[in-house]
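Below: one structure, written as structure tokens.
Values below: every heavy atom of this structure, side chains too, minus hydrogens, waters and symmetry copies. Numbers restart at 1 for each chain; the letters A, B, ... are given by sequence-line order, proteins then strands.
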Amino acid sequence: MSEQTSPFAEQAELTPWDRVQLARHPQRPHALDYIFALCEDFVELHGDRRFGDDAAIVGGMASFAGRTVMVLGHQKGSDTRENMRRNFGMAHPEGYRKALRLMHQAEKFALPLLCFVDTPAADPKKESEERGQANAIAECILAMASLRTPIVATVIGEGGSGGALAISVADRILMQENAIYSVAPPEAAASILWRDAARAPEAARALKLTAQDLFELQIIDEIIPEPPGGAHAEPQAAISAVGERVRAHLDALTVLDLPTLLQRRYAKYRAIGRYQEAGEQLLR
Amino acid sequence: MKEFFRRTRKSFSSSQAPEPAQIPDDLWVKCSNCRELIYKKELNDNLKVCPKCSHHMRMSAREWLGLLDVGSFSEMDAHLLPTDPLGFVTPEESYADKLKKSQQRTGMADAVIAGVGSINGAWLALGVGDFAFMGSSMGSVYGEKMARAAERAADLGVPLLTINTSGGARQQEGVIALMQMAKVTMALTRLAEAGQPHIALLVDPCYGGVTASYPSVADVIIAEPGANIGFAGKRLIEQIMRQKLPAGFQTAEFMLEHGMIDLVIPRSDLRETLARLLRLFAGRTRPASSPSPLLAAYVNGRV
């Protein structure tokens with residue numbers, strides 16, 4: 001699968017842990033790099049109107065490929081200082097509630113929603129628990145489940161657990177070649193499974209978190225190739241490739257009438273899961 | 001069959017299910033909270049709530065069925081069996097082996113029991129998690145059963161009750177497990193269209209991807225006293241984030257104080273509270289004497 005999609009044969013040799021490193025590369029382009037390069041007239045909108053403004057999630061209105069869209073993304077920093085400010089892209093409840101506000105605004109004004117996913121996980125601190133992290137994520141998932149506008153989500157780095165899912169329930173899920181999407185960060189999964197975070201590379205392999213794995217598992221719709229060496233090696237090329245594919249998917253979605261769009265979104269998620277339906281007689 | 005939950009005639013009734021095998025047949029049980037020795041029969045008569053310290057002990061999914069009217073429960077989707085979609089093998093144990101062991105130990109196919117039943121004559125669709133089965137982690141079978149329960153409630157025009165306990169998403173099913181959060185939540189939109197409520201009961205412990213999805217957007221959220229409920233586990237917050245946690249952090253009472261749930265209800269009052277809510281949602285002052293024809297046909301067709 002990956003061989004077909006990737007024109008870069010040398011990258012097919014990368015291990016899942018190599019991909020994790022590439023997905024986390026500090027010089028990798030982040031959400032705002034994509035938004036500024038791909039959109040015009042971006043106006044960032046701030047705050048959840050309830051508690052505060054979370055720098056780990058950015059969002060706002062912009063013009064993309066000739067139409068007004070709402071953009072949302074987890075925002076990591078490129079250096080330690082910015083990462084402190086952005087909380088390493090780990091959103092707080094107020095970040096998800098800002099996202100929720102902008103989702104509803106997108107629906108209200110019939111703006112397609114473009115999401116850029118790049119987070120290790122939702123913020124797991126005491127204060128986030130107190131402010132209802134679980135509820136904030138759940139509200140976003142519920143809103144996206146039936147949001148009456150097309151949604152295209154692109155994983156541009158790390159897609160980590162519920163924190164990533166909260167802004168990626170979408171009509172199309174795209175992943176860059178070296179992006180990862182995981183039920184939990186590999187370190188956390190290793191800690192849960194074996195009580196040993198040092199076994200993260202092993203967990204990364206077992207979790208099937210690469211774009212190639214997830215395409216084969218039919219979770220994502222498309223793998224977007226990256227330049228040789230990864231997105232950070234040639235950011236402009238990586239960003240353009242994403243823009244082109246997002247535009248193509250958005251074009252395909254905007255011609256659908258709303259009931260069809262929502263029906264397909266329902267069917268898409270409803271079909272995810274692998275189980276066996278044994279004959280009833282086996283029970284008795 | 002043991003009369004497991006008969007505290008008073010009108011409160012919890014006995015479950016029609018056999019007593020689960022994992023409960024040891026000892027006469028005395030030690031309370032995991034106050035360490036007092038309790039006569040097992042006394043504990044069971046008290047709905048597995050410690051008579052000394054009121055600690056609410058965990059119950060199996062089968063035991064929770066005792067919340068329903070006697071004989072009203074019909075199990076659905078019991079034939080859904082888990083698979084190993086990722087081929088998850090580690091040096092210690094493969095997922096396939098872990099599933100097999102959990103199935104043998106609990107007598108369950110996976111962590112959820114689903115079906116329809118009634119409380120005080122009011123019919124509902126039900127999904128119950130069982131912590132003894134791999135920490136009631138949410139994988140494909142869990143997600144599918146809960147999603148079908150929500151769709152069934154929508155189709156039958158009855159409320160949905162979910163009883164939730166979980167360590168979170170099942171790591172061994174990777175992103176497929178994560179996506180179950182979206183799948184079950186998606187199914188809830190059908191329930192909302194049908195105008196039927198989702199009542200979520202959170203019992204100890206409930207964490208991660210389960211707390212962060214369908215139960216947290218329920219119309220009414222009830223928790224049991226002292227239940228540990230949260231998104232990130234306490235061990236993670238203390239050891240990785242290096243934060244000190246106050247006493248009572250992430251308890252049901254903490255959740256109530258922070259506005260995240262509606263009610264904290266002791267187990268002894270649970271059935272009555274649910275009956276009252278179901279009456280209110282049904283907009284009638286007395287419980288229906290019989291299920292709707294569609295529901296009756298549905299139940300009869302499956303039993």
Taking side chain as everything from C-beta outward and backbone as N, CA, C, O, which of these in [X] sits under 4.5 Å from a heavy atom of chain A? Side chain, backbone, both or neither.
{"X": "B/L236", "result": "side chain"}
{"X": "B/E93", "result": "neither"}
{"X": "B/R242", "result": "neither"}
{"X": "B/E257", "result": "neither"}
{"X": "B/Y207", "result": "neither"}
{"X": "B/F249", "result": "side chain"}
{"X": "B/E92", "result": "side chain"}

Greatest number of heavy atom pairs closer than 4.5 Å to chain A - which of [options]:
{"options": "B/R170, B/Q243, B/M181, B/K234", "answer": "B/Q243"}
{"options": "B/P82, B/A187, B/G230, B/G143", "answer": "B/A187"}
{"options": "B/R190, B/E173, B/Q172", "answer": "B/R190"}

Give the member of [options] that has the highest number of heavy-atom pairs under 4.5 Å with chain B.
{"options": "A/G273, A/A145, A/P124, A/S146", "value": "A/P124"}
{"options": "A/A164, A/S161, A/A197, A/A166", "value": "A/S161"}
{"options": "A/K126, A/R270, A/Q133, A/R199", "value": "A/R270"}
{"options": "A/I192, A/D123, A/L209", "value": "A/I192"}

Interatomic spacing from [atom1] in [X] to [atom2] in [Y] - rounded to 0.5 Å:
{"X": "B/K183", "Y": "A/Y266", "atom1": "NZ", "atom2": "OH", "answer": "10.5 Å"}
{"X": "A/Y275", "Y": "B/D77", "atom1": "OH", "atom2": "CG", "answer": "8.5 Å"}
{"X": "B/Q239", "Y": "A/S191", "atom1": "CD", "atom2": "OG", "answer": "8.0 Å"}
{"X": "A/Y269", "Y": "B/M186", "atom1": "OH", "atom2": "CE", "answer": "6.5 Å"}
{"X": "A/S168", "Y": "B/L178", "atom1": "OG", "atom2": "CG", "answer": "7.5 Å"}
{"X": "B/T189", "Y": "A/R265", "atom1": "OG1", "atom2": "CZ", "answer": "10.0 Å"}

Give, as side chain, backbone, both or neither, the part of A/E202 having an atom under 4.5 angstrom from any heavy atom of chain B. side chain
Report which part of A/I219 has an atom under 4.5 Å of a heavy atom belonging to chain B: side chain, backbone, both, or neither. side chain
Can you tell which of A/E130, A/R131, A/E129 makes a side chain to side chain contact (heavy atoms under 4.5 Å, CB included) with B/H258?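 In the set A/E130, A/R131, A/E129, the residue that makes a side chain to side chain contact (heavy atoms under 4.5 Å, CB included) with B/H258 is A/E130.
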For salt bridge (Lys or Arg N to Asp or Glu O under 4.0 Å), just list the numbers for A/E277 and B/K145, CA-CA rounded to whole Å, side-chain angles, deciding distance to a tenth of an Å, and then say yes or no. CA-CA 12 Å; A/E277 294 214 60; B/K145 281 192 171 184; over 6 Å; no
Which heavy atom of [X] sits nearest to which heavy atom of [Y], and what is that distance?
{"X": "A/A278", "Y": "B/L81", "answer": "CB-CD1, 3.5 Å"}
{"X": "A/V183", "Y": "B/G174", "answer": "CB-O, 3.3 Å"}
{"X": "B/L86", "Y": "A/A206", "answer": "CD1-O, 3.8 Å"}

Is there a side-chain contact between [X] and [Y], using heavy atoms and a 4.5 Å cut-off?
{"X": "B/S216", "Y": "A/E139", "result": "no"}
{"X": "B/T90", "Y": "A/W194", "result": "yes"}
{"X": "B/T211", "Y": "A/N135", "result": "no"}
{"X": "A/Y181", "Y": "B/M179", "result": "yes"}

Taking NZ, NE, NH1 and NH2 as the nitrogens, is one of them in B/E238 or A/K125 under 4.0 Å from a carboxylate oxygen of the other?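 Looking at A/K125 together with B/E238, the answer is no, because their closest N to O distance does not fall below 4.0 Å.
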Run the side chain to side chain contact (heavy atoms under 4.5 Å, CB included) check on A/R274 and B/I176 step by step: do they pass? CA-CA 8 Å; A/R274 302 284 175 94; B/I176 296 174; 4.0 Å; yes
Near B/M241 CE, under 6.0 Å, is it more than 12 heavy atoms from other residues, nucleotides or ligands?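 Enclosed: over 12 neighbouring heavy atoms sit under 6.0 Å from CE of B/M241.
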Would the number of heavy atoms belonging to other residues, nucleotides or ligands and lying under 6.0 Å from CZ of A/R205 be above 12? no
Spell out, as yes or no, whether a donor-acceptor pair under 3.5 Å connects the side chain of B/T185 to the backbone of A/I141.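 Pair absent, no side-chain N/O of B/T185 close to backbone of A/I141.
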Where the side chain of B/Q180 meets the backbone of A/I272, is there a donor-acceptor pair that is under 3.5 Å apart?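 Answer holds: yes.
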